[in-house]
Amino acid sequence: MSRPSLPPPELRAYLEELVRRTSAVCGDRLLSVLAVGSLALGDYRHGRSDVDVTVVVDPAPPRADLAPLAATLAHPALPCPAAGLELVVYAADFAARPSGEAGYLLDLNTGPSLPERVSYDPADASDFWYVIDRSVAHQAGLPLYGAPAREVIAAPDRPTVLAALRASVREHTDGDGHLADNRVLNGCRATVHCRTGHWFAKRRAGEIVAASEPAFESLVAEALRSFERPRAEAAVLPAGDVREFLRWVAARVEEAAEGAGV
């Protein structure tokens with residue numbers, strides 16, 4: 001699936017206003033605003049997907065200057081038309097170097113289907129989510145404002161990404177707080193990344209795994225069907241089958257990590 005050059009129509013006004021408000025708060029510090037995640041990979045599903053945004057600033061503002069940014073972007077002050085907004089702000093000097101750390105200045109989760117979260121301390125978070133997001137951003141980040149992704153976001157090295165995938169699969173295997181279809185499709189995406197070193201949209205990764213792994217074809221096909229529905233209508237997948245699949249994914253990640261010397 002090709003990556004879109006523009007966000008989907010139902011998000012354009014929202015993202016334009018998000019950029020306007022971010023620029024108004026950050027001023028000359030604002031270096032880049034990037035759409036990442038499903039928007040960047042061409043797999044956004046309205047009513048299901050989050051809007052993932054990465055902001056890069058230079059120099060880093062004091063924490064007191066970031067609170068107004070969180071306030072002006074939070075739902076419903078800025079009504080989010082998607083399931084939610086996941087926005088991360090990085091200092092340019094951090095984003096420009098490969099890192100296995102979370103490293104953010106601000107992490108904002110907000111929206112109709114997301115628990116509200118505002119964090120200014122990366123010690124509050126699990127590093128692996130941010131490593132994966134920056135790896136996706138470097139490959140496919142869609143510029144909404146300012147510098148292109150590859151000029152401002154360094155790609156984490158392969159051992160760091162594989163370590164992040166190991167932690168991600170472990171969390172999905174535990175299952176807390178994640179829809180079953182998303183756990184399965186994230187597992188597919190991890191598997192295909194281990195094989196190729198490239199990030200694919202969840203749906204495409206699911207199609208690849210379903211075609212190549214007959215033992216899991218039925219489970220992945222059901223996850224793909226469920227992924228087309230709104231979050232509230234997601235299918236309940238067999239818990240044992242999901243765990244078995246994720247144990248298989250974990251073994252594939254371990255194989256790749258051993259090959260990379262992780």
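Residue indices begin at 1 and follow the sequence shown.
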- Evaluate the side-chain proximity of Asn109 to Pro115: yes if any heavy-atom separation is below 4.5 Å, no if none is. no

Throw together a table of side-chain donor-acceptor distances under 3.5 angstrom for residues 217-224, partners on residues two or more places apart or in other chains.
| unit_1 | atom_1 | unit_2 | atom_2 | d |
| --- | --- | --- | --- | --- |
| Glu222 | OE1 | Arg225 | NE | 3.2 |
| Glu222 | OE1 | Arg225 | NH2 | 2.8 |

- Message: To check you understand the geometry: which heavy-atom pair defines the closest contact between Cys194 and Leu165, and what is its length?
- Response: SG-CD1, 4.1 Å

- Item | Main-chain N/O of His75 paired with Thr110 side-chain donor or acceptor, under 3.5 Å | yes

- Can you see which heavy atom on Pro122 is nearest to which on Gly103, and at what distance? CB-N, 3.6 Å

- ring-ring contact (aromatic ring centres under 6.0 Å, His included) with Phe245: which residues, sequence neighbours excluded? Phe216, Trp248

- Okay, side chain of Thr173, backbone of Val169: is any donor-acceptor separation there less than 3.5 Å? yes

- Could you go through the salt bridge (charged side-chain N to carboxylate O under 4.0 Å, His left out) check for Arg29 and Asp65 one step at a time? CA-CA 11 Å; Arg29 290 189 174 100; Asp65 289 357; 3.8 Å; yes

- Message: Tell me whether the rings of His172 and His178 are parallel (<30°), tilted (30 to 60°) or perpendicular (>60°).
- Response: perpendicular

- Task: Looking only at non-hydrogen atoms, find the nearest pair between Gly111 and Cys80 and report the distance.
- Result: CA-CB, 4.3 Å

- Message: Looking at Asp43 and Arg203, is there a salt bridge between them, counting it only when a charged N and a carboxylate O are closer than 4.0 Å?
- Response: yes

- Do any pairs count as a salt bridge (Lys or Arg N to Asp or Glu O under 4.0 Å) and have a residue in residues 69-85, sequence neighbours left out, and if so which ones? none

- Kindly write out the residues that satisfy side chain to side chain donor-acceptor pair (under 3.5 Å) with Arg231, not counting sequence neighbours, or none if the list is empty. Asp50

- Item | salt bridge (Lys or Arg N to Asp or Glu O under 4.0 Å) against Arg150, all qualifying residues, sequence neighbours excluded | none

- Minimum side-chain heavy-atom gap Leu39-Asp52 below 4.5 Å: no

- Heavy-atom closest pair, residues Ile132 and Ser168: CD1-CB, 3.9 Å

- Would you mind telling me which of Val25, Val55, Val89 makes a side-chain contact (heavy atoms from CB on, under 4.5 Å) with Leu30? Val55

- Side chain Arg134, main chain Ala102, donor-acceptor under 3.5 Å: yes

- For the side chain of Ser212 and the backbone of Ile208, is there at least one donor-acceptor N/O pair under 3.5 Å apart? yes

- Query: Who are the side chain to side chain donor-acceptor pair (under 3.5 Å) partners of Glu16, not counting sequence neighbours?
  - Reply: none

- Looking only at non-hydrogen atoms, find the nearest pair between Pro148 and Pro143 and report the distance. CA-CG, 4.2 Å

- Query: Does any non-hydrogen side-chain atom of Val36 lie less than 4.5 Å from one of Ile153?
  - Reply: no

- Backbone N or O of Ala235 within a donor-acceptor pair of the Ser226 side chain at under 3.5 Å? yes

- Query: What residues form a side chain to side chain contact (heavy atoms under 4.5 Å, CB included) with Ala155, not counting sequence neighbours?
  - Reply: His138

- So, Arg63 side chain and Leu106 main chain: donor-acceptor pair closer than 3.5 Å or not? no

- Query: Backbone N or O of Asp121 within a donor-acceptor pair of the Tyr104 side chain at under 3.5 Å?
  - Reply: yes

- Message: Taking salt bridge (Lys or Arg N to Asp or Glu O under 4.0 Å) as the cut-off, I'd like each qualifying pair that reaches into residues 99-110, sequence neighbours left out, listed once.
- Response: Asp107-Arg117

- Query: Tell me the salt bridge (Lys or Arg N to Asp or Glu O under 4.0 Å) pairs involving residues 73-99, sequence neighbours left out?
  - Reply: none

- Task: State which residue, out of Val88, Leu66, Val118, fulfils the side-chain contact (heavy atoms from CB on, under 4.5 Å) condition with Leu108.
- Result: Val118

- How would you list, by chain and number, every residue that makes a side chain to side chain donor-acceptor pair (under 3.5 Å) with Thr22, sequence neighbours excluded? none

- Set of side chain to side chain contact (heavy atoms under 4.5 Å, CB included) partners for Ser32, sequence neighbours left out: Leu34, Val56, Ala147, Val152

- Quick check: does any side chain N or O of Thr196 sit under 3.5 Å from a backbone N or O of Val192, one acting as donor and the other as acceptor? yes

- Task: Looking only at non-hydrogen atoms, find the nearest pair between Gly100 and Thr160 and report the distance.
- Result: CA-CG2, 3.5 Å

- Query: Can any side-chain N or O of Glu10 pair as donor or acceptor with the backbone N or O of His46 at less than 3.5 Å?
  - Reply: no

- Hey, could you give me the CD/OG1 distance between Glu255 and Thr191, rounded to the nearest 0.5 Å? 10.0 Å

- Partners of Arg20 by side chain to side chain contact (heavy atoms under 4.5 Å, CB included), sequence neighbours excluded? Glu17

